[in-house]
*Asks:* 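I have a structure here, written as structure tokens, and I will follow up with some questions on it.
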There are 2 protein chains.
Amino acid sequence: MFSDRDKSYPIELVAEFLGVNSRTLYYYERFSLVVPVRRGRKRYYSKEDISWLEYVREMMYDQGMNLRSIIVLIKRRDDVILTKCPEDVVNSFKNYLMRMED
Amino acid sequence: MFSDRDKSYPIELVAEFLGVNSRTLYYYERFSLVVPVRRGRKRYYSKEDISWLEYVREMMYDQGMNLRSIIVLIKRRDDVILTKCPEDVVNSFKNYLMRMED
DNA sequence: ATAAGTTTTTCACTTTAAGTGAAAATATGT
DNA sequence: ACATATTTTCACTTAAAGTGAAAAACTTAT
């Protein structure tokens, strides 16, 4: 019947829901970070798109990641990243995170 | 006997080898992205540190990732990231990558 | 056909992280 | 104490992310 992949939400509604400028969604589209469907010239997004974008925003704003990194993650989706990271970096990094909790 | 984890290379040598300013290594250290050992007040790095830093530089310069993202990756090392990414984003993103190969 | 209204696109500007130069501070060896 | 080397601090530069405003393109009603 209905699916989270149904593209039925117009850009303004999605932008408002996410609390971003609709220009930001156009901007993301340039990198294929989200792919709305076009009916006529209008863009429509799915629920899945919306939750993906929420996740992207969280990665960017809560974590401070940049767009490029998310793009790299998509590209390397199935790869193992960071195998080269030394243990003492991981340990010391945990301390860094502790310090930052202030 | 000797190990890639032996911290024996001074900062200037490492910086020169990597082609970066030694200030950059101090900068990375603030985020625990690399953890030299201190003998007296001098810093010493291991071969493992150096290849880790090479990898970090590659992620940043070849891929355009930022420091924060690498930090997030360390933090989430064992997590599955990007499970929320919709398939059509992955597909469309592949086209985007193709377009960029010019 | 054209006027009115929407959506999209473009241009230029703002903000922030990453990086660096230079000077000041700190430590080491003689 | 002095000379030298390393570290730390401050202020500046550069580039990506995001946005405001205007122009362009398209749609629809009269």
Side-chain angles (χ1 to χ4, degrees), chain A residues 7-45 49 52-75 92-93 96-97 99-100, chain B residues 7-45 49 52-75 92-93 96-97 99-100:
Chain A
K7 307 256 185 185
S8 49
Y9 302 97
I11 193 168
E12 282 304 338
L13 192 145
V14 175
E16 189 184 9
F17 177 78
L18 294 171
V20 305
N21 195 303
S22 57
R23 291 280 298 94
T24 302
L25 299 182
Y26 295 133
Y27 184 62
Y28 289 172
E29 198 174 333
R30 298 183 77 85
F31 309 107
S32 300
L33 208 68
V34 63
V35 186
V37 85
R38 303 287 282 262
R39 295 200 199 92
R41 49 204 300 276
K42 291 193 66 176
R43 289 167 166 80
Y44 293 92
Y45 299 79
D49 290 333
W52 164 242
L53 287 171
E54 280 185 300
Y55 187 56
V56 166
R57 298 293 292 179
E58 182 197 309
M59 286 193 278
M60 296 188 73
Y61 280 79
D62 298 353
Q63 320 278 353
M65 295 180 67
N66 66 354
L67 276 187
R68 283 283 151 195
S69 300
I70 296 169
I71 285 170
V72 168
L73 293 190
I74 297 174
K75 187 165 59 178
S92 170
F93 178 72
Y96 161 70
L97 286 179
R99 293 196 304 276
M100 291 304 105
Chain B
K7 308 255 184 185
S8 50
Y9 302 97
I11 192 166
E12 281 304 338
L13 192 144
V14 175
E16 188 185 9
F17 177 79
L18 295 171
V20 305
N21 195 303
S22 57
R23 292 280 299 95
T24 303
L25 300 182
Y26 295 132
Y27 184 63
Y28 288 173
E29 198 175 332
R30 299 183 76 84
F31 310 107
S32 300
L33 208 67
V34 64
V35 185
V37 85
R38 304 287 283 262
R39 294 200 200 93
R41 49 204 298 275
K42 290 194 66 175
R43 289 167 166 80
Y44 292 93
Y45 299 79
D49 290 333
W52 164 243
L53 287 171
E54 280 185 299
Y55 186 57
V56 167
R57 298 294 292 182
E58 182 196 308
M59 288 194 276
M60 297 188 73
Y61 281 79
D62 299 353
Q63 320 277 352
M65 294 180 69
N66 65 355
L67 276 187
R68 284 281 152 197
S69 300
I70 295 168
I71 285 170
V72 168
L73 293 190
I74 298 174
K75 187 164 59 180
S92 170
F93 178 72
Y96 161 70
L97 286 179
R99 293 196 303 277
M100 291 306 104

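All chains are named by letter (A, B, ...) in the order of the sequence lines, taking the proteins before the strands, and each is independently numbered beginning at 1.
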*Asks:* Which whole-number value in Å describes the distance from B:Leu25 CG to D:dT6 C1'?
*Replies:* 13 Å
*Asks:* Could you give the CG-to-P distance, from A:Leu33 to D:dA16, as a whole number of Å?
*Replies:* 16 Å
*Asks:* Can you sort out the partners of B:Arg57 under side chain to side chain donor-acceptor pair (under 3.5 Å), two or more places apart, ordered by chain and number?
*Replies:* B:Tyr28
*Asks:* Enumerate the protein-to-nucleotides 16-18 of chain C contacts in which both atoms are nitrogen or oxygen and the separation is below 3.5 Å.
*Replies:*
{"unit_1": "C:dA18", "atom_1": "OP1", "unit_2": "B:Leu67", "atom_2": "N", "d": "3.0"}
{"unit_1": "C:dA18", "atom_1": "OP1", "unit_2": "B:Arg68", "atom_2": "N", "d": "3.4"}
{"unit_1": "C:dA18", "atom_1": "OP2", "unit_2": "B:Tyr27", "atom_2": "OH", "d": "3.4"}

*Asks:* Atom OH of A:Tyr26 and atom C1' of D:dA17: how far apart are they, to the nearest Å?
*Replies:*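 A:Tyr26 atom OH is separated from D:dA17 atom C1' by 18 Å.
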*Asks:* Hey, does the side-chain of A:Arg23 have a donor or acceptor N/O within less than 3.5 Å of a partner on the base of C:dT10?
*Replies:* yes
*Asks:* Please give me every residue in residues 8-22 of chain A whose heavy atoms get under 4.0 Å of an atom in DNA chain C, ordered by residue number.
*Replies:*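 Of all residues in residues 8-22 of chain A, the ones placing a heavy atom under 4.0 Å from DNA chain C are A:Ile11.
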*Asks:* For D:dA17, take OP1 and OP2 only and decide whether either is under 4.0 Å from a side-chain N or O of A:Thr24.
*Replies:* no
*Asks:* Check the distance between D:dT6's P and B:Tyr44's OH and give it to me in whole angstrom.
*Replies:*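 Atom OH in B:Tyr44 sits about 8 Å away from atom P in D:dT6.
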*Asks:* With sequence neighbours excluded, what pairs up with A:Tyr26 under the ring pair (Phe, Tyr, Trp, His ring centres under 6.0 Å) test?
*Replies:* none
*Asks:* Just verifying a value: how many Å separate B:Leu53 CG and B:Met60 CE, rounded to the nearest 0.5 Å?
*Replies:* 11.0 Å
*Asks:* Using the side chain to side chain contact (heavy atoms under 4.5 Å, CB included) rule, take B:Leu25 and B:Arg43 through it: C-alpha gap first, then chi angles, then the decisive distance, then the call.
*Replies:* CA-CA 10 Å; B:Leu25 300 182; B:Arg43 289 167 166 80; over 6 Å; no
*Asks:* Can you name the residues that form a side chain to side chain contact (heavy atoms under 4.5 Å, CB included) with A:Val37, not counting sequence neighbours?
*Replies:* A:Lys7, A:Arg39, A:Tyr44
*Asks:* According to the side chain to side chain donor-acceptor pair (under 3.5 Å) rule, which pairs have a member within residues 11-22 of chain A, sequence neighbours left out?
*Replies:*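 Matches after skipping sequence neighbours: A:Glu12-A:Ser22.
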*Asks:* At what distance, to the nearest 0.5 angstrom, does CD1 of A:Ile11 lie from CD of A:Glu29?
*Replies:*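 Going from the CD1 atom of A:Ile11 to the CD atom of A:Glu29 covers 7.0 Å.
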*Asks:* Using five pairs at either end of the helix from C:dA1-D:dT30 to C:dT30-D:dA1, determine the angle between the two local helix axes and round it to 10 degrees.
*Replies:* 10°
*Asks:* Measure the CE-CG distance between B:Met59 and B:Leu67 for me, rounded to the nearest 0.5 Å.
*Replies:* 10.0 Å
*Asks:* Could you state the interatomic distance from CE (A:Met65) to CD1 (A:Ile71), rounded to the nearest 0.5 Å?
*Replies:*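 It is 11.0 Å, given to the nearest 0.5 Å.
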*Asks:* Just to verify, what does A:Tyr9 make a side chain to side chain donor-acceptor pair (under 3.5 Å) with, not counting sequence neighbours?
*Replies:* none
*Asks:* Please enumerate all residues that pass side chain to side chain donor-acceptor pair (under 3.5 Å) together with A:Glu54, with sequence neighbours excluded.
*Replies:* none
*Asks:* Can you label the angle between the B:Tyr27 ring and the B:Phe31 ring as parallel, tilted or perpendicular, going by 30° and 60°?
*Replies:*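 It falls in the perpendicular class, over 60°.
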*Asks:* Quick one: list whatever passes ring pair (Phe, Tyr, Trp, His ring centres under 6.0 Å) with B:Phe17, sequence neighbours left out.
*Replies:* none
*Asks:* Measure CZ/A:Arg30 against P/D:dT19 and give the value in whole Å, please.
*Replies:*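 Between P of D:dT19 and CZ of A:Arg30: 16 Å.
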*Asks:* Could I get a table of every N or O pair under 3.5 Å where one atom is in the protein and the other is in nucleotides 2-5 of chain D?
*Replies:*
none

*Asks:* Using atom OH of B:Tyr45 as one end and atom C1' of D:dT6 as the other, report the distance to the nearest whole Å.
*Replies:*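 So the OH-C1' distance, B:Tyr45 to D:dT6, works out to 12 Å.
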*Asks:* In Å and rounded to the nearest 0.5 Å, what is the CD1 to OG distance from B:Ile70 to A:Ser69?
*Replies:* 7.0 Å
*Asks:* Return the value, rounded to whole Å, for the distance between atom CZ of A:Arg39 and atom P of D:dT27.
*Replies:* 15 Å
